[in-house]
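Below, chain A is the first sequence line, B the second, and so on; all start at residue 1.
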Amino acid sequence: MPELPEVETTRRGIAPHISGQRIRRVVIRQPRLRWPIPDDLPQLLKGRKLLSVARRGKYLLLVFHHGTLIMHLGMSGSLRIVEADAAVQKHDHFELQLSNGSQLRLRDPRRFGAVLWTGQAVTDHPLLAALGPEPLDEAFDGDYLHDCGKNRRSSIKQLIMDGKTVVGVGNIYACESLFRAAIHPTRPCNRISIQRYRTLAEEIREVLAEAVTQGGTTLRDFLNGDGKPGYFAQSLRVYGRAGEPCPGCGNPIRNKTLAQRSTFYCPTCQH
DNA sequence: CAAAGGTCCTGCTCGC
DNA sequence: TGCGAGCAGGACCTTT
């Protein structure tokens, strides 16, 4: 479900409600997510003050003095701030009850998400240690991307969706940035000029930044921490638009499966 | 044959 | 031959 813009929108939505609060109680209803939720979390967090909410790629980081709660939303996860008396819904697997009476709830029907704890520096955690740069950081540019791809024969779409290359680009924004850069999704990485890599890096940054501004993309059910949808869906040029006219040339947008992921592109404009 | 916004893990192939 | 990197596919789940 959520890519960088949706995770960042979630972060911004929940942070003001939970930063500075103390944890009154931790409830684990369903520990079996992608990895089990650590069963000692309740005693680990009880009475502790939540300092801030950060993000690394698609991971949300709830920062405490003595460590960090690492959360991932997987394909179908969402985080909401609710009142203490709000009814518990199906797939509400985890919650933090806060000193101000409200709660942070994780809902995740498919259970591909994760709730983990580290008492060490987050950057040392195995899931985060090997991640590539943030797309909106200085370190991410066309020269870097070209370096990543110059010796690879697999497709450019797979390269930019690989978190070791760059974080936060999922299926939607991979399709969108490739369309904007006029690069065909299946083009082998080692057959793209550095000039085109520069364009692509720029388009990735732009599409993500625009999507963050619009509160992310709501396709079916994404809502931010305040329960509001994102508005970037209306700005999508190819994703989910198979058969519709390409905004560039008017020919129909195509949808093909690539590496087991639905891929939208214009066969005329993208090469 | 269903597809959905993620990504780790395994076991294979490829090139030096 | 051996090694490491790259690569494809499977796995994990539920809902529409």
Requested in this report: Look at all strands and tell whether A/Thr217 reaches a base, only sugar-phosphate, or nothing, counting heavy atoms closer than 4.0 Å.
Outcome: base

Report task. Could you work out the separation of C/dG10 and B/dA2 based on their P atoms and round it to a whole Å? Result -> 15 Å

Requested in this report: Consider only side-chain N and O atoms of A/Ser235 and A/Gln214, and report whether a donor and an acceptor are under 3.5 Å apart.
Outcome: yes

Requested in this report: Take the protein atom CG of A/Leu258 and the nucleotide atom P of C/dA8, then report the distance between them rounded to whole Å.
Outcome: 9 Å

Query - A/Met161 CE to C/dC7 C1', straight-line distance once rounded to whole Å - result: 16 Å

Query - Whole-angstrom distance between C/dC13 and B/dT10, as gauged at atom P - result: 16 Å

Query - Hydrophobic cluster membership, A/Tyr144 vs A/Ile156, 4.5 Å side-chain cutoff - result: yes

Query raised in the report: In whole angstroms, how far is the C1' atom of B/dC8 from the CG atom of A/Leu127?
Result: 8 Å

Report task. Find the distance A/Arg261:CZ to B/dT7:P and express it as a whole number of Å. Result -> 9 Å

Query raised in the report: Which part of the nucleic acid, if any, lies within reach of A/Lys90 when heavy atoms closer than 4.0 Å are counted: base, sugar-phosphate only, or nothing?
Result: sugar-phosphate

Report task. Have a look at A/Arg153 and say if it touches a base, only the backbone sugar-phosphate, or nothing, with a 4.0 Å heavy-atom cut-off. Result -> sugar-phosphate

**Report entry** Distance below 4.0 Å between A/Gln30 side-chain N/O and C/dC13 OP1 or OP2
**Finding:** no

Report summary line: When rounded to whole Å, the CG to P distance for the pair A/Asn190 and B/dG15 reads 11 Å

Query raised in the report: Base, sugar-phosphate alone, or nothing: which one does A/Tyr59 contact when heavy atoms must sit under 4.0 Å apart?
Result: sugar-phosphate

Query - Base-pairing assignment for C/dC13 (Watson-Crick or G-U wobble, both under 3.5 Å) - result: none

Report task. Look at the side-chain N and O atoms of A/Arg110 and state whether any lies under 4.0 Å from the OP1 or OP2 oxygen of B/dA4. Result -> no

Report task. Sticking with atom P, work out how far B/dG11 lies from C/dT1, rounded to a whole angstrom. Result -> 23 Å

Report task. Check whether any side-chain N or O of A/His72 sits under 4.0 Å from OP1 or OP2 of B/dT7, and answer yes or no. Result -> yes

Query - Option passing side chain to side chain contact (heavy atoms under 4.5 Å, CB included) with A/Cys189 (candidates A/Gln158, A/Arg152, A/His146, A/Lys157) - result: A/Arg152

**Report entry** Check: A/Arg111 side chain, C/dT14 base, donor-acceptor under 3.5 Å
**Finding:** no

Query raised in the report: Heavy atoms under 4.0 Å, any strand shown: does A/Leu33 hit a base, just sugar-phosphate, or nothing?
Result: nothing

Query raised in the report: Hey, does the side chain of A/Ser76 come within less than 4.0 Å of B/dA4's phosphate (OP1/OP2), counting only N and O?
Result: no

Report summary line: In whole angstroms, the gap separating C1' of B/dC9 from CH2 of A/Trp35 amounts to 10 Å

Query raised in the report: Counting just side-chain N and O atoms, does A/Ser262 come under 4.0 Å of either OP1 or OP2 of B/dA3?
Result: no

Query raised in the report: Hey, are A/Tyr265 and A/Thr186 close enough side-chain-wise for a donor-acceptor pair under 3.5 Å?
Result: no

Query raised in the report: Counting any heavy atom closer than 4.0 Å, what does A/Gln260 reach on the DNA or RNA strands: base, sugar-phosphate only, or nothing?
Result: base

Query raised in the report: How are the rings of A/Tyr59 and A/His72 set to each other: parallel, tilted or perpendicular (split at 30° and 60°)?
Result: perpendicular

Report task. Choose from C/dC7, B/dG6, C/dT15 the nucleotide whose nearest atom is closest to any side-chain atom of A/Pro109. Result -> C/dT15

Report task. Could you check whether A/Arg34 gets within reach of a base, just the sugar-phosphate, or nothing at all, counting any heavy atom under 4.0 Å? Result -> base

Requested in this report: Using whole Å, report how far CG of A/Leu219 lies from C1' of C/dT15.
Outcome: 15 Å

Query - Length of the line joining A/Gln158:CD and B/dT7:C1', which is rounded to integer Å - result: 13 Å

Query raised in the report: Is the distance from OP1 or OP2 of C/dC13 to the nearest side-chain N or O of A/His91 less than 4.0 Å?
Result: no

Query raised in the report: Are A/Asp108 and A/Ser76 linked by a side-chain donor-acceptor pair shorter than 3.5 Å?
Result: yes

Query raised in the report: What do you reckon, do A/Phe112 and the base of C/dC12 stack, with centroid distance below 5.5 Å and planes below 30°?
Result: yes

Query raised in the report: Do the charged groups of A/Lys58 and A/Glu6 touch, with an N to O distance under 4.0 Å?
Result: no

